[in-house]
Colleague: 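After the structure tokens below, expect a handful of questions from me.
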There are 4 protein chains.
Amino acid sequence: MARITGSNGGRTAEAIRRAAIRLIHRQGFAAMNLRELAAEVGIQPGSLYNHIETKQGLLFELMREHMQDLLSAMEAALAAAPDEPMAQLRAFLAQHVLYHLERKQEVYIANFELRALEPANAEPILAMRREYEDRLIGLLEAGARAGELQVADARIAAYALLAMLTGVCTWYRPGGRLGPEEIVAQHLELALSGVSGAGLGQRAPDISAGGSAPIERMRSIPAGGRTPG
Amino acid sequence: MARITGSNGGRTAEAIRRAAIRLIHRQGFAAMNLRELAAEVGIQPGSLYNHIETKQGLLFELMREHMQDLLSAMEAALAAAPDEPMAQLRAFLAQHVLYHLERKQEVYIANFELRALEPANAEPILAMRREYEDRLIGLLEAGARAGELQVADARIAAYALLAMLTGVCTWYRPGGRLGPEEIVAQHLELALSGVSGAGLGQRAPDISAGGSAPIERMRSIPAGGRTPG
Amino acid sequence: MARITGSNGGRTAEAIRRAAIRLIHRQGFAAMNLRELAAEVGIQPGSLYNHIETKQGLLFELMREHMQDLLSAMEAALAAAPDEPMAQLRAFLAQHVLYHLERKQEVYIANFELRALEPANAEPILAMRREYEDRLIGLLEAGARAGELQVADARIAAYALLAMLTGVCTWYRPGGRLGPEEIVAQHLELALSGVSGAGLGQRAPDISAGGSAPIERMRSIPAGGRTPG
Amino acid sequence: MARITGSNGGRTAEAIRRAAIRLIHRQGFAAMNLRELAAEVGIQPGSLYNHIETKQGLLFELMREHMQDLLSAMEAALAAAPDEPMAQLRAFLAQHVLYHLERKQEVYIANFELRALEPANAEPILAMRREYEDRLIGLLEAGARAGELQVADARIAAYALLAMLTGVCTWYRPGGRLGPEEIVAQHLELALSGVSGAGLGQRAPDISAGGSAPIERMRSIPAGGRTPG
DNA sequence: CATGAATGAGACTTCATTCAT
DNA sequence: AATGAATGAAGTCTCATTCAT
């Protein structure tokens, strides 16, 4: 596709990373082949090896960078929020949704290609993932201790929330009907108050009576997983 | 692994389906190869073709059967519940979680291997999936019209709920600390009332103060993509 | 080259072995490629893998079979000879030359492709090779103890003799001027009595005065190759 | 291994030659790759081409230099010896063994990588090799004519002697139990008188009765081929 | 219904070599 | 004289699939 002629040096490496993210997201790591990746970048398959170690190594690098960025973004968000349980929780959830809207392909890959990592490579990625989850669990427990949250089981609640919020990756498309802020707001409400809506606050007006006000239909794989962009 | 030697006749076909579900779930469709599948069943690769049409055809069959079962289960659950919005919604959500607990491998495959289907095969599967989603959207809208739900956007809410509830596939293991009923109950609460817990009803006692009461940590691949990052 | 059409089953495996011996002998293991090998056999490259495990595995099998045959032939020769030092020594040397005339390609491979074996594969081959050498060393020592041989160092002498006798592989071609028996006889003389010819016995008449009576010139690999197995 | 960083100028060319000899000897020409060679020298693969023409050209150069040196050494040895058949023969054989002890890697390459030379490059090398062999054949014939040698066939005898004496390359290691002079002496005896020891002269005392007085066992690939140094 | 062997395409990766900088 | 990136060919091996037995 996009032939980047004259691409030299460091540009090629970046082009490979970007094309790889696109292709892995679209087809899955196992189904992506290096011929295709090279063609996207505009070089010969063998030339990839000036920039990557192996196909497996490429996946690992992509996932590592992604997890580091995610952790950094999360820490920054928490640092910027008031130091009290509910504010911290809201900050965590909001940044999670935002990050997932902005980098949904990387997110998708990080979620679904863990099984494609060799055990030695999976280990550090899993460690970072646990660090992220444990942060949320800690916030939920703090909120519960403060009497501001009702969580029967913090771990289950954390997993459920993350699954819900991560779900936006499966249908969001930039430039769609809803802007990021609105999507973030609605998910915060759902996370905190559920659909029954005994919410805590600034709830958006209920527009459901007027029809489902559809976002684009999920073309492919709604929840969990599937699709791409 | 489990070599079923001497498996003859009709049993072979069933053994193939089961092994395929296991392998696709574990490795993904593209990464599964028919050598491996045949070995699991205890036959030679060529012999698979007495029972399947192609690798692609096998995937399609598995997904079609799964979607039919899911739709049947959902219809049966709704038929068995009182015909009023909240009861119907609870019935839908509860059966969804239950079904996902019981058949998490098929669910996973159905969610994440859609991209592996050839377009002609994807179409009927997508149609069934839409039928399922639309049922939930309808219930949410009915609840909103009846004034019992607060949903800003029924479609977004439906996707978010499905993502959350489908997430159980990624960590649930039969025989774990929590039984299916409890998991269903907690997720119903989260879906209806969120973590802030301004719930509507039979809420389980808050045990979070006593620590996170952990389920087993997701050991491998949270799968489906759960959260992560 | 020689396309063996309709070659099925067991015949293919044998054809592969033979072609591999020919090609490895001609080009070396590293320089032989499986495309070429497959073409010689008349099948597709991938089809080789119905009969071999890997390229490396093929080499190992060839060498193992060769060494086993060599050891068997040696033991048989010794068993058939009178049980006294010089007769045993003569039997060993004669069978060595004969075996090397008849299977010079395998011998060559066994000598020169040891370095191409992975360490784990080299080990058992080396063990067999030592067994063979030690037999000769033992015979030389026995002859010396009996006062029938003059060897300053049995190991050095053994290596030197094996190198000399193995050398026939480098120039011998069936159907040449000299028959196997004559070649064996001359080498026995050289081994036992050297060129100065203070021999022990049935020495062939000296024909060197009449010109060098050339065998074919060594086309490829002259001396170099020392001993075999 | 030995990275010679900052190797500049003319030194690089020499470093390449030395590293190439080491690598070709260890692995064979086909199995050696230029990446590895460059790494040994401490430069990038592309930089090799400032010093060599091609991989093939490098091999040819190494072999040509070696053969020229060998021929020179032989001529010098003959010139320094008394001009009578047996003295000339002894001089030839002694210098052959000595040269092979001192430059066994080059010798090995010259013997076994002839097949890796393109025909056009092989031709001049083969011519030099024939020149060397013919010298020995001439000496054997002269000795026979003088009645001092018993050779049934001078060419066969020459090949057998060269094979035997060249064999030292396969097990000799500098600093081992036996010094070069002793190795030369023993091989002269074996060449002239064989193991039966009806020798002509200054024979070393027979020490074989006291056990085999072993040199180090050939650790790796004794013979023919394999190993390096 | 199972097998064993074959196919043909294609996968990842290596490698000698070139060339602008 | 060295570098880093590119090439293009080729190498080993895998895989879905076919088919005679």
Side-chain angles (χ1 to χ4, degrees), chain A residues 6-13 30-38 41-58, chain B residues 6-13 30-38 41-58, chain C residues 6-13 30-38 41-58, chain D residues 6-13 30-38 41-58:
Chain A
S7 65
N8 61 346
R11 261 202 290 266
T12 302
M32 174 193 74
N33 65 64
L34 296 187
R35 267 204 235 308
E36 210 174 352
L37 177 59
V41 177
I43 59 178
Q44 295 297 315
S47 304
L48 289 172
Y49 287 81
N50 289 320
H51 306 279
I52 70 175
E53 197 151 351
T54 61
K55 192 190 178 194
Q56 167 77 203
L58 169 61
Chain B
S7 65
N8 60 350
R11 265 199 289 264
T12 304
M32 175 195 74
N33 63 60
L34 296 188
R35 268 201 224 328
E36 210 174 353
L37 177 59
V41 177
I43 59 178
Q44 296 298 315
S47 306
L48 289 173
Y49 286 82
N50 291 316
H51 305 280
I52 69 174
E53 196 154 352
T54 62
K55 191 188 178 193
Q56 166 77 204
L58 170 61
Chain C
S7 65
N8 61 346
R11 261 202 289 268
T12 302
M32 173 193 75
N33 65 65
L34 297 187
R35 266 202 236 307
E36 210 173 353
L37 177 59
V41 177
I43 59 177
Q44 296 297 315
S47 304
L48 289 173
Y49 287 82
N50 289 320
H51 306 279
I52 70 174
E53 198 152 351
T54 60
K55 191 189 178 193
Q56 165 79 203
L58 169 61
Chain D
S7 65
N8 60 349
R11 263 200 290 265
T12 302
M32 174 194 74
N33 63 62
L34 296 188
R35 269 200 222 333
E36 211 173 352
L37 177 59
V41 177
I43 59 177
Q44 295 298 315
S47 305
L48 289 173
Y49 286 82
N50 290 318
H51 305 278
I52 70 173
E53 196 153 352
T54 61
K55 191 189 177 193
Q56 167 75 205
L58 169 61

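In the text below, chain A, chain B and the rest are named by the order of the sequence lines, each starting its count at 1. As the structure is a computational prediction, the values presented were derived from the model and not from experiment.
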Colleague: May I have the distance from C:E36 (atom CD) to F:dA10 (atom C1'), rounded to whole angstrom?
Modeller: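 Going from C:E36 (CD) to F:dA10 (C1'), I get 12 Å.
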Colleague: Can you list everything that forms a side chain to side chain donor-acceptor pair (under 3.5 Å) with A:Q56? Sequence neighbours excluded, please.
Modeller: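 For A:Q56, the residues satisfying side chain to side chain donor-acceptor pair (under 3.5 Å) (neighbours in sequence not counted) are A:N121.
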Colleague: Think D:R35 has a side-chain N or O under 4.0 angstrom from the OP1 or OP2 of E:dT14?
Modeller: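 No, no such contact exists.
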Colleague: Where do N or O atoms of nucleotides 19-21 of chain E meet protein N or O atoms at under 3.5 Å, pair by pair?
Modeller:
none

Colleague: Tell me: CE of C:M32 to P of F:dG11, nearest whole Å?
Modeller: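 Answer to the nearest Å: 11 Å.
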Colleague: If you measure from NZ on C:K55 to CE on C:M32, what distance do you get to the nearest 0.5 Å?
Modeller: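 Result: 5.0 Å between the selected atoms.
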Colleague: With sequence neighbours excluded, what pairs up with B:Q44 under the side-chain contact (heavy atoms from CB on, under 4.5 Å) test?
Modeller: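 Per chain and number, B:Q44 pairs via side-chain contact (heavy atoms from CB on, under 4.5 Å) with B:S47.
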Colleague: What is the distance, to the nearest angstrom, from the NZ atom on C:K55 to the P atom on F:dC13?
Modeller: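 Rounded to the whole Å, the gap is 8 Å.
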Colleague: Can you name the residues that form a side-chain contact (heavy atoms from CB on, under 4.5 Å) with B:I52, not counting sequence neighbours?
Modeller: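 In terms of side-chain contact (heavy atoms from CB on, under 4.5 Å), with neighbours along the sequence ignored, B:I52 is linked to B:I16, B:L48, B:L58.
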Colleague: Output yes when at least one side-chain N/O atom of A:H51 is less than 4.0 Å from OP1 or OP2 of F:dG4, else no.
Modeller: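 Answer no for this pair, as no side-chain N or O of A:H51 is under 4.0 Å from OP1 or OP2.
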Colleague: Dot-bracket for DNA chain E, please. Rules: Watson-Crick or G-U, both distances under 3.5 Å, ( ) within the strand, [ ] when a pair crosses earlier ones, | for another strand, . otherwise.
Modeller: .||||||||||||||||||||
Colleague: In whole Å, what is the span from the CG atom of C:L58 to the P atom of F:dG11?
Modeller: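 Distance, rounded to whole Å: 16 Å.
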Colleague: Distance check needed: F:dA10 C1' versus D:N33 CG, whole Å only.
Modeller: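 To the nearest whole Å, that distance equals 14 Å.
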Colleague: On DNA chain F, check which nucleotide each of A:P45 and B:P45 is closest to and give me the residue with the more 5' one.
Modeller: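 The residue whose closest nucleotide sits nearer the 5' end is A:P45.
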Colleague: Closer than 4.0 Å, any side-chain N/O of C:Q44 to the OP1 or OP2 of E:dG8?
Modeller: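 Affirmative; the distance criterion is met.
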Colleague: Of the nucleotides F:dT17, F:dA16, F:dC13, which one has an atom closest to the side chain of C:Y49?
Modeller: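 The answer is F:dC13.
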Colleague: To the nearest angstrom, how far is A:L37 atom CG from E:dA11 atom P?
Modeller: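 Distance check: A:L37 CG to E:dA11 P gives 12 Å.
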Colleague: If each of B:L48 and A:E53 is mapped to the nucleotide of DNA chain E with the nearest heavy atom, which maps nearer the 5' terminus, i.e. the 5' end?
Modeller: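 Nearest nucleotide further toward 5': that of B:L48.
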Colleague: Under 4.0 Å between a side-chain N or O of C:N50 and OP1 or OP2 of E:dG4?
Modeller: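 Answer no for this pair, as no side-chain N or O of C:N50 is under 4.0 Å from OP1 or OP2.
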Colleague: Rounded to the nearest Å, what distance is computed from the CD atom of residue B:Q56 to the P atom of nucleotide F:dA16?
Modeller: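 After rounding, the gap between these two atoms is 13 Å.
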Colleague: Is any side-chain N or O of D:T12 closer than 4.0 Å to OP1 or OP2 of F:dA1?
Modeller: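 So the side-chain polar atoms of D:T12 never come under 4.0 Å of the phosphate oxygens OP1 or OP2 of F:dA1.
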Colleague: Using heavy atoms to find the nearest nucleotide of DNA chain F for C:A30 and B:I52 separately, return the residue whose nucleotide is more 5′.
Modeller: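 The residue whose closest nucleotide sits nearer the 5' end is C:A30.
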Colleague: E:dC12 P sits how many Å from A:I43 CD1, rounded?
Modeller: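 For the pair A:I43 CD1 and E:dC12 P, the rounded distance is 14 Å.
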